[in-house]
Amino acid sequence: MPTEQTITETYWTICYKKVWKLDIPYPCKKERTVTQYCYKFDWYWHMKISFICYYRGCEAGTLYAKWGICNSVFWYSYNTNYNTCTTDKFNQIGTC
């Protein structure tokens, strides 16, 4: 079962300052609070094919998986005793 933790994340965005009647854009730093889900996988498998990423891992006998868009054409990795935190929850898909 993943553990939840709340963190404060800093990011850059565009802000606007009113000068007379004009909105002048400028880069500014902001903060937001996000929830992360942390997993301690016994094993973790990660595959990228044609800009689609697929992740699968086993934590305490429960099999988790998720997929998403990524910036690589092909890549594959397999790790044991892998700890990771993500803002996207993995889907529980069975036992391992």
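In this text the structure is predicted, and so the values were computed from the model without any measurement.
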Exercise. Out of curiosity, Glu4 CD to Gln36 CD, how far, rounded to the nearest 0.5 Å?
Worked result: 11.0 Å
Exercise. Would Met47 and Phe41 show up in the same hydrophobic cluster when neighbours are defined by side-chain heavy atoms closer than 4.5 Å?
Worked result: no
For this session: Could you pull out the closest heavy-atom pair between Tyr54 and Ala65, with the gap in Å?
Result: OH-CB, 3.7 Å
Exercise. More than 12 heavy atoms of other residues, nucleotides or ligands under 6.0 Å from CH2 of Trp67: is that the case?
Worked result: no
Problem set entry | Non-hydrogen side-chain atoms of Tyr64 and Pro2 separated by less than 4.5 Å | yes
Exercise. Where do Trp12 and Lys29 come nearest, in terms of heavy atoms and distance?
Worked result: CZ2-CE, 3.5 Å
For this session: For residues His46 and Trp75, report the shortest heavy-atom separation together with the two atoms involved.
Result: ND1-CZ3, 3.0 Å
Exercise. Do Ile93 and Met1 share a hydrophobic cluster, counting only Ile, Leu, Val, Met, Phe, Trp and Tyr and linking them when any side-chain heavy atoms are less than 4.5 Å apart?
Worked result: no
Exercise. After noting the C-alpha distance and the side-chain angles of Leu63 and Arg56, does the key distance pass the side-chain contact (heavy atoms from CB on, under 4.5 Å) rule?
Worked result: CA-CA 7 Å; Leu63 187 60; Arg56 187 175 269 211; 3.8 Å; yes
Problem set entry | For Lys89 against Lys66, the heavy-atom pair lying closest together | O-CD, 4.2 Å
Problem set entry | Residue pair Cys96 / Trp43: nearest heavy atoms and the distance that separates them | CB-CZ2, 4.4 Å
Problem set entry | Inter-residue atom distance Tyr55.OH - Phe90.CZ, 0.5 Å rounding | 7.5 Å
Problem set entry | Atom NZ of Lys48 with >12 non-hydrogen neighbours under 6.0 angstrom | yes
Problem set entry | side-chain contact (heavy atoms from CB on, under 4.5 Å) between Thr86 and Tyr39, worked out | CA-CA 9 Å; Thr86 178; Tyr39 298 84; 4.2 Å; yes
For this session: Answer yes or no: is there a donor N or O on one side and an acceptor on the other, between the side chain of Glu59 and the main chain of Lys40, under 3.5 Å?
Result: yes
Exercise. In Å, rounded to the nearest 0.5 Å, how long is the span from OH of Tyr26 to CD1 of Ile14?
Worked result: 10.0 Å
Exercise. Once you round to the nearest 0.5 Å, how far does CG of Asp42 lie from OH of Tyr82?
Worked result: 14.5 Å
Exercise. Is the closest basic N to carboxylate O distance between Lys18 and Asp23 below 4.0 Å?
Worked result: yes
